[in-house]
Amino acid sequence: MEENFSGIIPVKKPVGFTTYDLIRIFKKSTGFNGKIGHGGTLDPFATGVVLLLLGEATKRFEEIRNWKKVYIAGIRLGISSDTGDIAGEIMVSEKSDFKNLKKTAIEEVLKDFIGEIKQKVPSYSAAKFGGTPMYKLARKGVYVEKTRIVKISHIELLNFKIPLLTIKVTCLGGVYIRQLAMDISDKIGYPGLLYFLERSEVGNFSIKDCYTIEDFEKLQLPEFHFTTRIF
């Protein structure tokens, strides 16, 4: 396979795999020995679009990671975890009476998170504090406060069946969906966590454009040159 090939390969990451697992499997399956990276990671428990960047496309990482993203996210009210998602240590809340919780009230809460907002960076994240990834500090019991301004253009309530919410989020890069799930839950009036996450779009690439791990061995890379596939 050509080492100087440049392109973007949209891949659907399965649950249980890391973004770096995809890179490792891609290189092993295709024999590609050139420069390779990604356009933004997904947590192991999440699924959806990951862009593998090959050759010259790796130089556009800063641009690509800020492309528009669309997520389908599930929020579970009434429980929480140390990581903010279903992969962490689960804590059940005593506040479990949802009888007065209405769909209209939830939709009003969602409106508060549209636009430019200040978002807390989750303690269990790869963001660095003093040069050290915050998740490494959290594992040592050191929790620090860090915030950033992010932009969310749309949030839609797709489904509401107590105690589960499913929302569709359209945003620019940099939004922590785990933190958004916790913040939405808190504003509704309950603890909550992210129990499901699918990234369905990145830029102009959607999940229907994606290749699977099983497709890697039959990829013909010249068909995916970034000058024709990146926009």
Using 30° and 60° as the class limits, which term best fits the ring planes of Phe205 and Trp67: parallel, tilted or perpendicular?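 Judged by the thresholds at 30° and 60°, the geometry between Phe205 and Trp67 is parallel.
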Smallest separation among heavy atoms of [X] and [Y], with atom names:
| X | Y | value |
| --- | --- | --- |
| Ile177 | Val169 | CD1-CG1, 4.3 Å |
| Ala181 | Ser185 | O-OG, 2.8 Å |
| Leu197 | Ala73 | CD1-CB, 3.9 Å |
| Thr18 | Pro44 | CG2-CG, 3.9 Å |
| Pro191 | Ser80 | CB-CB, 4.2 Å |
| Lys120 | Gln179 | O-CG, 3.1 Å |

Measure the shortest side-chain to side-chain distance between [X] and [Y] over non-hydrogen atoms and say whether it is less than 4.5 angstrom.
| X | Y | answer |
| --- | --- | --- |
| Leu54 | Ser6 | no |
| Asp183 | Ile117 | no |
| Ile79 | Val92 | yes |
| Leu77 | Leu101 | yes |
| Val50 | Arg199 | yes |
| Ile8 | Arg60 | no |
| Arg148 | Tyr176 | yes |
| Leu157 | Leu110 | yes |

How many angstroms lie between atom [atom1] of [X] and atom [atom2] of [Y], to the nearest 0.5 angstrom?
| X | Y | atom1 | atom2 | value |
| --- | --- | --- | --- | --- |
| Ile114 | Cys171 | CD1 | SG | 11.5 Å |
| Ile106 | Ile75 | CD1 | CD1 | 9.0 Å |
| Lys59 | Leu53 | NZ | CG | 13.0 Å |
| Ile9 | Leu52 | CD1 | CG | 7.0 Å |
| Ile162 | Lys99 | CD1 | NZ | 11.5 Å |
| Phe113 | Gln119 | CZ | CD | 9.0 Å |

Should Lys68 and Thr170 be marked as a side chain to side chain contact (heavy atoms under 4.5 Å, CB included) after you check the CA-CA gap, both sets of side-chain angles, and the distance that decides it? CA-CA 7 Å; Lys68 178 200 77 173; Thr170 304; 3.9 Å; yes
Check whether [X] and [Y] end up in the same hydrophobic cluster, where Ile, Leu, Val, Met, Phe, Trp and Tyr are linked by side-chain heavy atoms less than 4.5 Å apart.
| X | Y | value |
| --- | --- | --- |
| Val15 | Phe196 | no |
| Leu164 | Ile90 | yes |
| Val150 | Leu194 | yes |
| Leu165 | Met182 | no |
| Ile188 | Phe98 | yes |

With distance as the sole test, does [X] use its side chain to make a donor-acceptor pair with the main-chain N or O of [Y] at under 3.5 Å?
| X | Y | answer |
| --- | --- | --- |
| Thr58 | Gly55 | yes |
| Asp85 | Arg178 | no |
| Lys13 | Ala46 | yes |

Could you check Thr83 against Asp43 for side chain to side chain contact (heavy atoms under 4.5 Å, CB included), going step by step and ending with a plain yes or no? CA-CA 11 Å; Thr83 60; Asp43 289 333; over 6 Å; no
Is the count of non-hydrogen atoms from other residues, nucleotides or ligands lying under 6.0 Å from Glu62 atom CD greater than 12?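 Result for CD/Glu62: enclosed.
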Is atom NZ of Lys103 surrounded by more than 12 heavy atoms (other residues, nucleotides or ligands) closer than 6.0 Å?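 No, not enclosed.
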Could you check whether Thr104 and Lys102, counting side-chain N and O atoms only, form a donor-acceptor pair closer than 3.5 Å?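 Side chains of Lys102 and Thr104: no pair found under 3.5 Å.
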Indicate whether any N or O donor in one side chain lies under 3.5 Å from an N or O acceptor in the other, for Ser200 and Glu198.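 There is no such pair between these side chains.
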Looking at Asp209, Leu42, Val202, which one forms a side-chain contact (heavy atoms from CB on, under 4.5 Å) with Val49?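 That would be Val202; it is the only one of Asp209, Leu42, Val202 passing the side-chain contact (heavy atoms from CB on, under 4.5 Å) with Val49.
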